[in-house]
Amino acid sequence: MNKTSPPGAPRPRLGADFYQRPDPVALARELLGKRLATCFDGRLTVGRIVETEAYRAPDDKACHAHLNRFTQRTRVMFEPGGRAYIYLCYGIHHLFNIVTGPEGMAHVVLVRAIEPLLGLETMLERRNMRALTPQLTAGPGVMSQAMGLHKTSNGASMLAPDAPIWVEDADPAREPVACGPRIGIDYAEECVQWPWRFWLEGNPWVSRPKKR
DNA sequence: CACGGGATCGTCT
DNA sequence: GACGATCCCGTGT
């Protein structure tokens, strides 16, 4: 009997009960292996989530909503879980986060890398690449680009049955889960070492910059 | 392959 | 006016 389904098989979308649970660290871990999907202009792209980071308000200094700082930018983080939080980083990269937790708790999970499953041609085209290599989607900026995730989708709900951004349930990952410090948050003082980055050990689609 | 720097702009001070 | 939850390319070895 088959224990896994083909990549193209339809899957149930995760709903509010998943996203609105209170612990963003547990959610970051559980999102590993699930399928991030978008459909923009009729172009379906799906990838298996292989790397995430948790950001938690109010105590986490690396979180944009540290001390529950409420600004125009962080506003969406306070919404109930199940929306996209997408912001421009370094003036170039659109970083895709999933708002989690109940309303008022500004927790998010950054999706850092996916393993491409469907819509590979679309992903390659968006990235201006020819060959299928981890550079396609390993890293939060390039992953967003490949999936067509842009700051114009900031605040979009992922809960409606016809929402163009969603996460599908999936079979449990076979790879072991590893964790370690988050990337690029050296300013966050005592939070720097918190092991809130999660990845699937050995999966080649996990980001691997030089300095880590 | 290691290293260094530039790109580029929204956000908050 | 400073600074990012990054990435890519050029240089040198």
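The structure presented is a predicted model; accordingly, all values stated were derived computationally and were not measured.
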Around atom CZ of A/Arg75, are there more than 12 heavy atoms of other residues, nucleotides or ligands at under 6.0 Å?
no

Among the nucleotides B/dT8, C/dA5, B/dC12, whichever has the atom closest to the side chain of A/Tyr55 is C/dA5

Taking atom types as modelled, is there a side-chain donor on A/Thr45 or A/Thr38 under 3.5 Å from an acceptor on the other?
yes

On DNA chain C, compare the nucleotides closest to A/Gln135 and A/Gly184; which residue's is nearer the 5' end?
A/Gly184

A/His93 NE2 to B/dC9 P, in whole Å, measures 12 Å

To the nearest Å, how far apart are A/Arg69 CZ and C/dG4 P?
12 Å

For A/Ile86 and B/dG10, what is the distance between atoms CD1 and P respectively, to the nearest whole Å?
16 Å

B/dT8 -> Watson-Crick or G-U wobble partner, both distances under 3.5 Å, gives none

Looking at every strand, decide which applies to A/Leu88 at a 4.0 Å heavy-atom threshold: base, sugar-phosphate, or nothing.
sugar-phosphate

If we take the P atom in both C/dA2 and B/dG6, what is their distance in whole Å?
16 Å

Measure from the side chain of A/Val142, starting at C-beta and using heavy atoms only, and say which of C/dC7, B/dG10, C/dA5 lies closest.
C/dC7

Kindly confirm whether the side-chain ring of A/Tyr187 is stacked on the base of C/dG4, judged by centres under 5.5 Å and planes under 30°.
no

Just checking, A/Arg182 and A/Tyr55: is the charged tip under 6.0 Å from the six-membered ring centre and within 45° of the axis?
yes

Would you kindly give the CZ-to-C1' distance between A/Phe70 and B/dC12, to the nearest whole Å?
15 Å

Would you indicate, yes or no, if C/dC8 has its OP1 or OP2 atom less than 4.0 angstrom from a side-chain nitrogen or oxygen of A/Arg127?
yes

Specify the separation, in whole Å, of atom CG of A/Asn68 and atom C1' of B/dC12.
17 Å

Is there a donor on the side chain of A/His64 or the base of C/dA5 sitting less than 3.5 Å from an acceptor on the other?
yes

Proximal nucleotide (of B/dT11, C/dA5, B/dT8) relative to the A/Thr71 side chain:
B/dT11

Between A/Met129 (CE) and C/dC8 (C1'), how many Å, whole number?
12 Å

Spacing of A/His94 atom NE2 relative to C/dA5 atom P, expressed in whole Å:
16 Å

Are there over 12 heavy-atom neighbours, none belonging to A/Glu190, within less than 6.0 Å of that residue's CD?
yes

Whole angstroms only, please: what is the CZ-P distance between A/Arg73 and B/dC9?
17 Å

Is it true that A/Glu30 and A/Arg21 make a salt bridge, defined as a side-chain N closer than 4.0 Å to a carboxylate O?
yes

